[in-house]
Amino acid sequence: MSGEGPSGRALTAVKGTHDILPGEVEVWQKVEAETKRLFELYGYKEMRAPIIEPTELFHKGTGETTDIVTKEMYTFEDKGGRSITLRPEYTPSVARAIVEHRLDLLGTPMRYYYIGPMFRYDKPQKGRYRQFHQVDVEVFGEKDPALDAEIVEMADALLKALGIAETETLVNSVGCRACRPAFSAALRERALAVQDKLCIDCRRKMETNPLRIFDCKVESCREQARAFPKITGFLCPECREHFAAFRAHLDRYGVAYRHDENLVRGLDYYTKTTFEVVDNSAGQQNAILGGGRYDDMMKDFGGPDICGIGFAMGLERLIARLALKPEARRFLYVVHQGEAAKARAIELARFFRRGGIETVIEFGGRSFKNQFGRAGKLGAAWVLIVGEDETAKGIFQLKDMAAGTQVGGAPEVLLSGVRS
RNA sequence: GUGGGUGUAGCUCAAUGGUUAGAGCAUCGGACUGUGGAUCCGAAGGUUGGGGGUUCAAGUCCCCUCACCCACCCCA
């Protein structure tokens, strides 16, 4: 039975968090191992930053006006009076670490990846949790659009390696500080002209972030938005050129993508390239990964003027689309009977482990039947039988549980048999 | 934050407002102290999410609350 807390209510995992139990955790391990393997082929290095950060980091890095900062952060005061926040995203931590350790002096570009939990106080629903896990990729110090394409290609390669199908890659350019203000102004003006045909949310977005009107799902808003000006026509020569080169490189890689002029990222710091991989086959939370370029973030953050680009991939969303069944581990189960045999069995378990074989020894067993039953239920590949006779002779019986066959021999012989 | 749906054993589900809330699977034990999955027998497992109300009587009806799921919002 579950225990009870002080309130008398059963103690359960915190709302929006989940246990990842054996049986499922193997899928996570496999995804993590494949991610690590593939990213390192592209020269990325793992960087592990703390889960807690100074609250101020996200105000400066993520943006004061974002939903994440205004209403989704887990923030608390520690015993030293510091304001601490459970990271809601990873990019600011990387920027902080680069500045703190002057990693930019080691030479650019700096390619980092990380896999771990993030925390956002959202109302949970399918594909959205309060503690969720991301694979995060960041590159600082390279402005060449060939890198933008390389990153999208790497993301594409990972999804293919994991067997994720049915996805669509969307790309766009959101301009830079030179050209986006003019676009935002034009957009706001057009929205204002037809505001009586927009929903209440969009009227609010008109002021705060007019680009997000493109995200609205209300049909009347979508209809109006179709006639709104597009960012593409407002891009400055530099941004236009960057975007064209990015697309040319993607074509060279043979990565399929669609230019979605309405693709707007939720965070304030994006410039130029943005991209997203969506799975249209199911669910509302369909963005598996999303990212883009953030050339001004490091500078705004108070660090060196270094450009950056990266993406985050949601592991829960990814794994939900994975039809991957990990293979069961093969292990040896040691059964025994009698005190002398038990002592010998313990020695033998150690012998097999040292030989590289996963070995579990029976402790509370009664009859052999009882012990075999447990071995079978746990899924043992082999059972080593250590009885009175075997212990006396030094010749033990090894049963192959799947085949039902049994052979006798000295421990060395049985070990080599199990290894082959 | 706003809406909708659902809460009965570990899991999947029964129970017209009317005895002591049942079944299958799973668990544990026995048949069975030298060989697993099978079979048979048995046991254990529940404050029907919690609180209040209506009623002679509530798992069932009403209200509140909590949790989970789904959607909006937002995003990974």
Side-chain angles (χ1 to χ4, degrees), chain A residues 1-2 4-5 7-18 62 66-72 88-91 115-137 155 199-202 204-205 208-209 212 215-218 264-267 276-279 283-291 310-321 333 335-338 341 362 364-391 396-406:
Chain A
M1 285 304 294
S2 51
E4 290 194 356
S7 62
R9 201 179 302 145
L11 233 35
T12 58
V14 170
K15 186 184 180 97
T17 70
H18 297 277
T62 306
T66 57
D67 280 9
I68 288 178
V69 170
T70 55
K71 52 188 186 191
E72 295 176 3
E89 60 149 346
Y90 196 64
T91 306
I115 305 173
M118 306 293 158
F119 304 84
R120 292 185 200 173
Y121 193 84
D122 260 4
K123 190 158 176 179
Q125 66 183 74
K126 191 177 190 66
R128 195 177 71 189
Y129 310 103
R130 290 186 174 179
Q131 177 178 333
F132 61 103
H133 300 77
Q134 288 188 334
V135 165
D136 196 272
V137 167
C199 71
I200 189 156
D201 286 330
C202 282
R204 180 172 46 80
K205 290 179 197 166
T208 57
N209 193 345
R212 292 206 200 151
D215 285 339
C216 190
K217 290 172 179 92
V218 176
V264 180
R265 310 251 72 252
L267 303 170
E276 196 168 288
V277 174
V278 298
D279 180 350
Q284 291 302 307
Q285 310 295 331
N286 62 357
I288 296 176
L289 69 88
F311 70 83
M313 181 172 80
L315 279 179
E316 281 81 1
R317 292 181 186 182
L318 178 84
I319 284 170
R321 287 162 176 78
Y333 199 83
V335 303
H336 52 82
Q337 193 119 80
E362 170 72 37
R366 309 178 75 175
S367 63
F368 272 130
K369 183 178 186 69
N370 182 295
Q371 298 185 48
F372 265 90
R374 192 149 29 238
K377 188 174 296 169
L378 293 173
W382 313 275
V383 169
L384 179 70
I385 302 142
V386 186
E388 309 280 358
D389 297 348
E390 287 86 351
T391 304
F396 302 90
Q397 297 292 314
L398 182 79
K399 182 166 184 175
D400 181 315
M401 294 295 274
T405 55
Q406 193 168 312

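Since we're looking at a predicted model, the values are computed, not measured. Just so we're on the same page: letters track the sequence lines, and every chain starts at 1.
Residue A/Lys377 has a polar side-chain atom (N or O) positioned under 4.0 Å from OP1 or OP2 of B/rU27.
Using a 4.0 Å heavy-atom cutoff across all strands shown, A/Lys15 reaches sugar-phosphate atoms only and no base atom. Using a 4.0 Å heavy-atom cutoff across all strands shown, A/Ile385 reaches at least one base atom of the nucleic acid. A/Ala375 comes within 4.0 angstrom of nothing in the nucleic acid, heavy atoms only. Nucleic acid contact class of A/Glu89 (heavy atoms, under 4.0 Å, all strands): none. Using a 4.0 Å heavy-atom distance criterion, A/Met401 is classed as a base contact. Using a 4.0 Å heavy-atom criterion, one finds that A/Glu276 contacts no nucleic acid atom at all. Residue-level contact check: A/Tyr90 touches neither bases nor backbone, having no heavy atom under 4.0 Å from any strand. Heavy atoms of A/Gly373 sit under 4.0 angstrom from primed sugar atoms or phosphate atoms, though from no base atom.
Taking atom NZ of A/Lys369 as the reference point, atom C1' of B/rG29 lies 14 Å away to the nearest angstrom. A/Asp67 places its CG atom 11 Å from the P atom of B/rA76, with the value rounded to the nearest Å. In this structure, A/Tyr333 places its OH atom 15 Å from C1' of B/rG37, rounding to the nearest Å. Atoms CZ (A/Arg130) and P (B/rC68) sit 8 Å apart, rounded to a whole Å. Taking atom CD on A/Glu72 and atom C1' on B/rC73, their separation rounds to 10 Å, with Å as the unit. For the pair A/Gln134 CD and B/rA76 P, the computed distance is 7 Å after rounding to whole Å. For the pair A/Tyr121 OH and B/rA76 P, the computed distance is 20 Å after rounding to whole Å. In this entry the distance linking NE2 of A/His18 with P of B/rC68 reads 8 Å, nearest Å.
At a threshold of 4.5 Å between non-hydrogen side-chain atoms, the residues A/Ile319 and A/His133 do not count as touching. By the 4.5 Å heavy-atom criterion applied to side chains, A/Leu315 and A/Ile115 are counted as neighbours.
Comparing the C1' positions of B/rU20 and B/rA38 gives a spacing of 35 Å, expressed to the nearest Å. Distance check on atom P: B/rC61 versus B/rU48 gives 16 Å, rounded to whole Å. B/rU8 and B/rA21: their C1' atoms are spaced 8 Å apart (whole Å). Rounded to whole Å, the C1' atom of B/rU55 lies 33 Å from the corresponding atom of B/rG3. On the P atoms, B/rG22 is 25 Å away from B/rU39, given to the nearest whole Å. For the C1' atom pair drawn from B/rA76 and B/rU2, the interatomic distance equals 23 Å after rounding to whole Å. Across B/rG59 and B/rA9, the matching P atoms stand 15 Å from one another, rounded to whole Å. Between B/rC73 and B/rA58, the two C1' atoms lie 39 Å apart (nearest whole Å).
No hydrogens or angles were tested; on distance alone, nothing pairs the side chain of A/Arg128 with the base of B/rC70 as donor and acceptor under 3.5 Å. For a distance-only test at 3.5 Å, the side chain of A/Gln371 fails to qualify as a donor-acceptor partner of the base of B/rG34.
A side-chain contact (heavy atoms from CB on, under 4.5 Å) with A/Tyr129 holds for exactly one of A/Met118, A/Glu316, A/Arg120, A/Lys15; it is A/Glu316.
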side-chain contact (heavy atoms from CB on, under 4.5 Å) between A/Leu289 and A/Leu318, intermediate numbers included: CA-CA 9 Å; A/Leu289 69 88; A/Leu318 178 84; over 6 Å; no

Run the side-chain contact (heavy atoms from CB on, under 4.5 Å) test on A/Met401 and A/Tyr333 for me, step by step, so that the C-alpha distance in whole Å, both residues' side-chain angles and the decisive distance to 0.1 Å come before the verdict. CA-CA 10 Å; A/Met401 294 295 274; A/Tyr333 199 83; over 6 Å; no

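A/Phe132 and A/Phe119 get closest at one heavy-atom pair: CE2-N, 4.2 Å.
Under the stacking definition used here (centres under 5.5 Å, planes under 30°), the residue A/Phe372 qualifies as stacked on the base of B/rU35.
Along RNA chain B, the nucleotide nearest to A/Asp400 and the one nearest to A/Gly16 differ in position, and the one closer to the 5' end is contacted by A/Asp400. Along RNA chain B, the nucleotide closest to A/Leu315 and the one closest to A/Ala380 are compared, and the more 5′ of them pairs with A/Ala380.
For A/Arg317 (side chain) and A/Ile288 (main-chain N/O), no donor-acceptor pair under 3.5 Å exists by modelled atom type. Between the side chain of A/Glu388 and the main chain of A/Ala341, no donor-acceptor pair closer than 3.5 Å is present. At distances below 3.5 Å, at least one donor-acceptor pair connects side-chain atoms of A/Gln371 with backbone N or O atoms of A/His336. Here the side chain of A/Arg130 pairs no donor or acceptor atom with the backbone of A/Thr17 at under 3.5 angstrom.
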Which string of ( ) [ ] | and . matches RNA chain B, if you list each base 5' to 3' and count Watson-Crick or G-U pairs only when both distances are under 3.5 Å? (((((((..((((....[...)))).(((((.......))))).....(((((..]....))))))))))))....

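With distances taken from any side-chain atom of A/Lys123 to the nucleotides B/rC28, B/rG3, B/rG34, the minimum falls on B/rG3. Out of B/rC75, B/rG29, B/rU35, the shortest distance to the side chain of A/Asn370 is found at B/rG29.
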